[in-house]
Amino acid sequence: MIEVVPSICSYCGVGCGLGLRVQGDRIIGVEPQSGHPVSQGQLCAKGWSTSFAVDPAQRLVHPLIKERGAFREAGWDETLDLVAEKFREALADGGPTAVGVISCARATNEDNYAAQKFARAVLKTHNIDHCARICHSPSVAGLARTLGSGAMTNGIVDIDLADLILVIGADVTENHAMIGARILRAQDRGAKLIVVDPRKTRLARLADWHLQLRLGTNIALINGLLHIIFAQGWEARDFLDRRCADADALRRHVAGIALDEVVALTGVPEDQLRAVAHAYSHAKAAFLAYGMGITQFQSGTNNVIAVSNLALSCGQIGRPGTGINPLRGQNNVQGACDMGCLPNVFPGYQDVADPAHAAKFTQAWNTSLPTAPGLTSLGMTKAALAGDFRALMILGEDPVLTDPDQNHVARSLAALDFLVVVETAMTETAKLADVVLPAAAFAEKDGSFTNCERRVQRVRRAVPPPGEARTDWQILGALAQRLGQPGLRWPDAEAIFDEMVGLSPMFSAMSYAKLDRHHGLQWPCDGEHPEGSPLLHAERFPLGKARLLPVSQVAPAEVPDADYPFAFTTHRLHFHYGCGSMTRRSPLLERETPTGLLFMHPDDGRGMGLREGQGVRVSSRRGVLETRVHLTDDVPAGTVAMPYHFKEAPCNRLTNDAQDPSTKMPELKACAVAVTALPPGQAPRRLEFDEPAHERL
Amino acid sequence: MNAYELNSVEALRAHLAADRRLYEPRPDGQGGLHWQTVAADDAQAFEPGLEPPPFSAKAFFFPEREAMFRFERGRFVAVEPEPEAFTLFGLRACDLTAIAYQDRFFARDGHYQARREAALLVGMDCAASCTGGFCAALGSGPAVGDGLADLVLIPGASWRLLVNTAAGRAAVSGLDLKPAPRDWTRAREQTRQQAAAEQGDAAPLLAGIAALNAGRVPPQTWEALGPRCLGCSGCTSVCPTCSCFAPLDLPTDGGLRRERVWDSCLYEGFQKEASGHNGSPSPGDRVRRYWFHKFGDGFKREFGRYGCVGCGRCDRVCPGGIGARVVLKRLGGA
Amino acid sequence: MNALALSVLPRPMRLLQRYDDGEDARHFTFQLEDIRAEDAGMMPGQFFMLVLPGCGEAPFTYVSRPDDQGRFSALIRRMGKLTEALFELQPGEVLGYRGPFGQGWPRFYGKQRILAVAGGCGLAPLAGFIEDVARTRSGTHLQVIYGARHVGARVLSRERARWSGALPLIETLDQAGPGHRQGTPLAHFDTVFGQAPPDAVLCCGPEVLMEAAARECLGRGLRADQIWLSVERRMHCGVGLCGHCYVGDSYACRDGPTYRYDRYRELLRRSGCARELDRGELRHC
Ligand SMILES: Cc1cc2nc3c(=O)[nH]c(=O)nc-3n(C[C@H](O)[C@H](O)[C@H](O)COP(=O)(O)OP(=O)(O)OC[C@H]3O[C@@H](n4cnc5c(N)ncnc54)[C@H](O)[C@@H]3O)c2cc1C
Ligand code: SF4
Ligand code: FES
């Protein structure tokens with residue numbers, strides 16, 4: 001007998017609706033939800049493969065305690081007692097600044113709320129973060145400075161209303177497939193499509209204009225466009241007057257830019273710049289979307305500000321079909337931020353440094369709260385390496401695989417006194433833990449996810465968790481109790497949601513019942529917007545008037561030179577997601593993996609005498625790895641790219657951890673590497689994680 | 001074939017549901033419409049609506065994941081399906097045609113046949129066309145073809161019931177059914193023509209099929225369609241006649257379980273060999289393959305009809321907007 | 001259980017022995033636990049599915065036909081997951097077997113002149129055929145051209161040694177050292193056709209080689225219906241159901257893997273590959 005339980009896809013931030021097909025205690029497949037506002041009855045390959053990701057056959061089903069280097073199964077009580085004791089020791093030893101929690105952008109809002117409450121109310125620390133650091137914190141920081149809020153300003157349906165779509169640094173059909181598909185359909189009905197990307201993505205190949213800029217020259221390109229727009233008087237003067245403060249500084253800044261320098265720097269011909277500047281500024285409604293090709297740079301925050309300058313100058317915001325729309329990666333990265341899994345804010349972006357907010361939470365949670373500022377995840381890593389950090393809890397993240405400079409991460413985790421990882425399956429990070437706790441997957445719990453367009457949507461328990469797995473919030477509740485804080489023992493997920501709603505003004509009019517009725521609601525959803533807010537900033541910006549901030553091109557911290565002659569960038573493959581722990585369990589998606597993982601232009605390949613699929617060694621100043629080359633004109637000559645899903649070729653061993661000064665966002669998208677050929681016929685060596693890369697090779 | 005007046009569809013449904021598990025397409029309140037169990041005492045009115053459920057009935061006979069055998073202590077042990085008897089209530093003509101097609105394709109597949117034999121099929125003529133369907137052009141609807149279902153519901157001023165098979169006769173025994181008036185076929189034919197007319201002109205679609213089989217489709221057409229295919233496997237999943245699968249070995253406590261799982265010929269890896277050689281290397285090759293499989297005369301020769309039944313599901317599910325209707329029109333040059 | 005249910009359930013077989021036989025290739029001997037008539041009735045060119053529990057299954061051709069003890073051999077090249085794991089196995093381990101599947105090479109009667117053209121591991125599917133001719137001395141005149149990349153890449157060394165006494169065998173290498181013939185198999189067609197054109201040609205090897213050989217034969221006056229190829233496709237079920245091995249509207253596991261060249265071309269034409277065929281640059285359908 002089959003039962004279908006409506007839920008939300010857990011693979012990416014688009015948040016497509018799907019029906020889980022349940023047979024007994026197993027999910028055997030999915031059905032589309034034709035009436036779902038986001039996905040309209042369609043799904044991408046990842047969504048369709050959901051049943052493999054949640055397959056209990058490959059799951060963690062018991063708590064595991066490491067003894068003499070090996071894990072043994074243990075009971076919950078024993079394990080939780082141990083974890084509590086270790087945290088107590090760490091707190092006694094190093095104080096609350098020496099402990100922390102890294103939460104999960106894949107877990108539900110309820111889990112994330114519980115995680116930050118656990119850090120703040122139980123461990124008494126603001127050392128709480130999640131992986132947004134490697135995706136979109138520059139969006140939050142940049143847009144906070146220009147608009148006052150860092151989420152997508154418009155909804156996914158707005159693509160249907162736009163007559164021009166501008167995509168910058170986002171491989172949308174591969175990473176946010178259903179948004180990409182919507183863009184393609186918009187083009188079919190006549191909308192113009194512009195893609196700005198150093199790679200020839202699928203969308204770039206189909207676009208009306210593809211500006212194939214040099215890696216890391218986003219600001220130069222956007223300033224060039226603004227130069228043209230202001231010089232021609234194409235800016236939206238009325239909008240600038242009414243809605244923005246001080247356009248003059250920006251006007252002066254871009255007036256001083258020489259277009260031929262922009263052309264030289266970006267490699268984009270002037271006529272293309274002019275055509276795009278004209279099209280974007282003259283569109284009736286231009287939808288601007290950007291992705292990690294903007295944020296994953298040392299200059300990430302400034303890149304975001306440049307994007308914001310462009311949209312504001314042309315008045316392409318605050319109306320249907322327009323907007324500044326950061327495409328966020330993981331399915332609930334928006335929710336993890338909203339829930340306050342950030343060192344500086346409580347749920348609902350309430351500043352921890354604001355005494356009024358601190359007082360509210362102190363009272364509601366009936367406990368004292370920390371005052372010392374918290375650390376980001378990278379900050380915690382560094383503190384650990386410096387010997388200043390004792391105990392860390394990681395929920396459902398695999399930083400060993402996904403963080404920049406992996407050697408560094410592995411070493412820092414090894415430097416901890418105690419690491420506990422809460423996970424659904426064994427990961428590279430979990431292997432390094434002292435204790436591993438088995439977590440329930442999304443289909444095994446009630447809760448909510450928030451997609452990239454701020455839509456809070458319900459997920460439902462379709463099957464019981466395998467073995468002894470529990471939800472994150474149940475685990476955190478039981479642990480909190482052992483640490484003397486009973487305030488995390490909720491009866492169900494809805495009670496957590498209600499507590500969160502009661503404390504966060506921007507969610508104040510939400511409830512599970514209402515989410516069900518509306519197929520999800522977009523925040524802010526409060527007394528003023530009881531049905532949610534599909535469109536932000538129609539009347540005013542959170543800052544009042546928006547700000548145009550002049551920014552200048554900054555070269556990536558590391559550029560190609562004689563020793564490391566190739567520009568190196570990372571990207572994602574359509575069929576894989578994050579570190580691949582979910583997608584690679586699908587035999588169908590696993591099969592899609594290309595043999596060659598280093599993408600190189602055929603001209604460069606020819607120059608080096610490389611054949612398709614030949615083994616190569618790739619090295620940077622930080623690490624070395626071996627893989628096979630895939631020759632493709634997806635990448636321009638001089639640039640090589642690698643997807644980051646594969647533990648046999650972990651490209652983040654190569655990347656740079658140079659950081660964005662304001663968000664500490666690491667520069668994942670650009671560094672310099674050298675490539676050498678392995679003898680034909682020699683297979684690349686696989687790297688094992690317990691062996692540091694340098695010693696091995 | 002006997003036709004009866006049917007005073008209450010719900011009464012018939014309750015009668016059938018009392019004997020065996022009965023499934024009917026039901027909305028889930030969250031935008032979905034799925035085949036769901038209906039109990040004998042379920043009071044909800046039978047309101048089939050115009051649209052067919054996005055998922056066809058295929059998975060009842062050819063599930064998306066199905067255990068085939070186990071390997072334990074050096075022995076291979078067959079896993080035989082043990083289906084309980086069930087009824088599918090309200091199957092549309094297109095889906096019934098597809099079931100008949102798969103009956104032929106899987107004629108010698110024990111797993112399929114075991115599930116198929118457990119099913120009682122209750123069909124339903126469509127009172128009006130669904131959006132996007134083109135069954136009339138392919139001879140698979142909107143009225144249920146002869147011999148495709150055990151029982152057929154005929155909409156009209158009031159419902160009528162056709163009893164087609166011995167199994168159908170047995171299933172309705174005990175119900176008090178009055179014969180339909182002699183001219184029942186006339187009303188049925190009228191409804192059929194009306195619904196078929198709503199689907200618009202079939203000529204552009206047939207032109208596409210003709211062009212395909214006459215070798216008149218230039219290769220550039222396929223290469224242009226290729227990038228629009230995101231390789232999602234949606235079309236093959238919802239297509240009621242798609243039948244490709246892949247093996248999956250899953251470890252179990254003392255050995256392993258072999259499953260067969262739905263596959264899709266639109267994946268690049270579908271034909272990829274260990275050497276890297278690929279029988280259908282480009283996305284355009286794979287898109288072409290898909291449509292040849294649905295509309296190629298060679299397959300029609302083997303299975304008695306085209307693989308496409310005109311249900312329109314691929315048009316609805318395709319993120320790239322290249323479902324059957326769109327593609328056929330393009331091939332036909334419309 | 002009906003007939004098909006039987007053919008999808010693997011039967012146990014043991015790995016008896018193995019030895020290296022070519023570059024990254026090994027010669028394996030297996031033993032079926034229970035033998036059926038169809039095993040011994042297998043036709044050269046047919047194949048079986050080898051099941052390696054946990055690694056799936058893959059098709060291989062028989063190098064020798066199962067004997068009355070159920071023993072038979074195969075020549076297997078290390079390629080991917082399953083073959084990798086197979087190379088690690090010790091004699092005595094239990095594997096699974098399904099088969100025989102597909103259409104073998106045609107049968108020839110009487111005094112026909114047959115040319116077999118093999119490239120690389122493509123010699124394996126022809127081995128049974130060559131063996132039968134060499135053994136039965138039916139009067140069929142068989143010539144074999146075998147091409148390999150270099151000396152070490154040649155497979156079936158023991159078989160080749162045996163055949164070279166019994167029939168004309170031309171071995172040729174892409175990179176030949178002293179004492180070896182140089183060039184692709186096509187380079188030696190003059191020699192073979194010079195005596196008298198063959199009545200039938202059987203080709204097995206990389207698709208580019210088969211296609212080139214077939215075209216060469218056509219150019220030398222043979223008809224397409226005198227030429228056979230053994231086509232390789234990804235396979236899983238072996239019984240025409242899983243869909244992977246399609247060649248146009250046929251399934252290579254059921255209707256192939258050996259195809260008569262005219263029928264093969266017709267399949268490609270019918271499924272829209274006409275352009276590739278006409279241009280002479282074969283891409284695969
Ligand atoms: C009719 C036929 C006869 C063959 N005979 C021989 C032989 O005698 N000796 C030999 O060494 N090889 C033979 N092959 C090729 C052999 O089947 C592949 O090398 C083998 O499947 C690779 O499997 P893998 O698991 O190591 O590779 P992976 O890349 O891990 O492949 C995974 C699965 O894909 C399928 N697959 C991948 N490549 C092929 C392929 N080329 N052909 C068919 N299925 C494939 C198989 O089901 C395989 O298990 C034959 C192929 C066919 C179609
Ligand atoms: S686009 Fe994202 S949310 Fe939608 S089905 Fe694909 S992975 Fe899931
Ligand atoms: S191998 Fe399954 S159809 Fe041929």
Side-chain angles (χ1 to χ4, degrees), chain A residues 1-7 17-19 21 23 26 28-37 39-49 51-52 55 57-58 173-174 177-178 180-182 184-185 188 202 205-206 458 516-517 519 574-575 586-595 612-613, chain B residues 21 23 26-37 51 53-55 59-60 63-66 84 86 224 227-228 230-234 236-238 246-252 256-257 259 261-264 266-270 272 274-276 283 313 316-322 326:
Chain A
M1 173 205 156
I2 302 274
E3 196 196 346
V4 186
V5 180
S7 191
L18 45 74
R21 291 172 51 80
Q23 184 175 43
R26 271 183 87 204
I28 62 164
V30 300
E31 288 187 23
Q33 298 284 98
S34 25
H36 191 270
S39 49
Q40 304 170 299
Q42 306 177 342
L43 295 170
C44 78
K46 285 169 281 192
W48 279 111
S49 78
S51 83
F52 300 107
D55 213 322
Q58 306 162 41
T173 51
E174 320 305 295
M178 299 312 303
R182 206 144 176 160
L184 283 180
R185 293 201 302 273
D188 280 346
R202 182 196 304 262
R205 290 178 193 276
L206 294 168
R458 286 273 285 114
D516 275 346
R517 266 202 309 282
H519 296 181
H574 175 46
F575 291 101
S586 157
L588 312 176
L589 301 191
E590 168 76 9
R591 195 179 60 194
E592 294 296 291
T593 307
T595 358
E612 170 68 21
Chain B
R21 183 179 293 282
Y23 293 92
R26 286 265 172 103
D28 64 9
Q30 295 300 304
L33 173 66
H34 316 284
W35 287 95
Q36 301 276 25
T37 306
E51 304 304 320
F55 228 47
F60 284 105
E64 55 264 71
R65 294 181 67 169
E66 178 171 37
E84 44 167 355
F86 65 103
R228 304 239 142 201
L230 304 190
C232 71
S233 78
T236 49
S237 299
V238 298
L248 172 63
D249 284 4
L250 289 169
T252 57
L256 69 89
R257 181 177 75 237
E259 290 184 356
V261 306
W262 286 0
D263 203 342
S264 174
L266 290 145
Y267 284 128
E268 181 175 358
F270 187 78
K272 187 162 77 182
S275 62
R313 287 187 176 95
R316 291 178 206 113
V317 86
C318 180
I322 50 167
V326 173

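Residue numbers begin at 1 in each chain, while the letters A, B, ... track the order of the sequences.
- Heavy atoms closer than 4.5 Å to chain A are found nowhere in B:Phe60, neither backbone nor side chain.
- Within the 4.5 angstrom heavy-atom criterion, atoms from both the backbone and the side chain of B:Gln30 approach chain A.
- At a cut-off of 3.5 Å, with distance as the only test, no side-chain donor of A:His36 or A:Gln42 sits close to an acceptor on the other residue.
- No hydrogens or angles considered: a donor-acceptor pair under 3.5 Å links the side chains of B:Arg65 and A:Ser51.
- With a threshold of 4.5 angstrom between heavy atoms, A:Leu184 approaches chain B through its backbone and through its side chain.
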Exercise for the section: Before giving the answer on side-chain contact (heavy atoms from CB on, under 4.5 Å), spell out for B:Tyr267 and A:Leu589 the whole-Å C-alpha distance, their side-chain angles and the decisive distance to 0.1 Å. Expected result: CA-CA 8 Å; B:Tyr267 284 128; A:Leu589 301 191; 4.1 Å; yes
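- Proximity to chain B is limited to the side chain of A:Asp188, based on heavy atoms less than 4.5 angstrom apart.
- Looking at A:Ser39, there are no atoms closer than 4.5 Å to chain B (heavy atoms on both sides), in backbone or side chain.
- Interface residue B:Glu259: only side-chain heavy atoms are found under 4.5 Å from chain A.
- Of the atoms belonging to A:Val5, not a single heavy atom falls under 4.5 Å from chain B.
- Heavy-atom distances place the backbone of B:Arg316, and not its side chain, under 4.5 Å from chain A.
- Listed options B:Gly234, B:Ala59, B:Pro27, B:Gly29 were ranked by heavy-atom pairs under 4.5 angstrom with chain A; first place goes to B:Gly234.
- In this structure, the side chain of A:Arg205 does not engage the main chain of B:Pro227 through any donor-acceptor pair within 3.5 Å.
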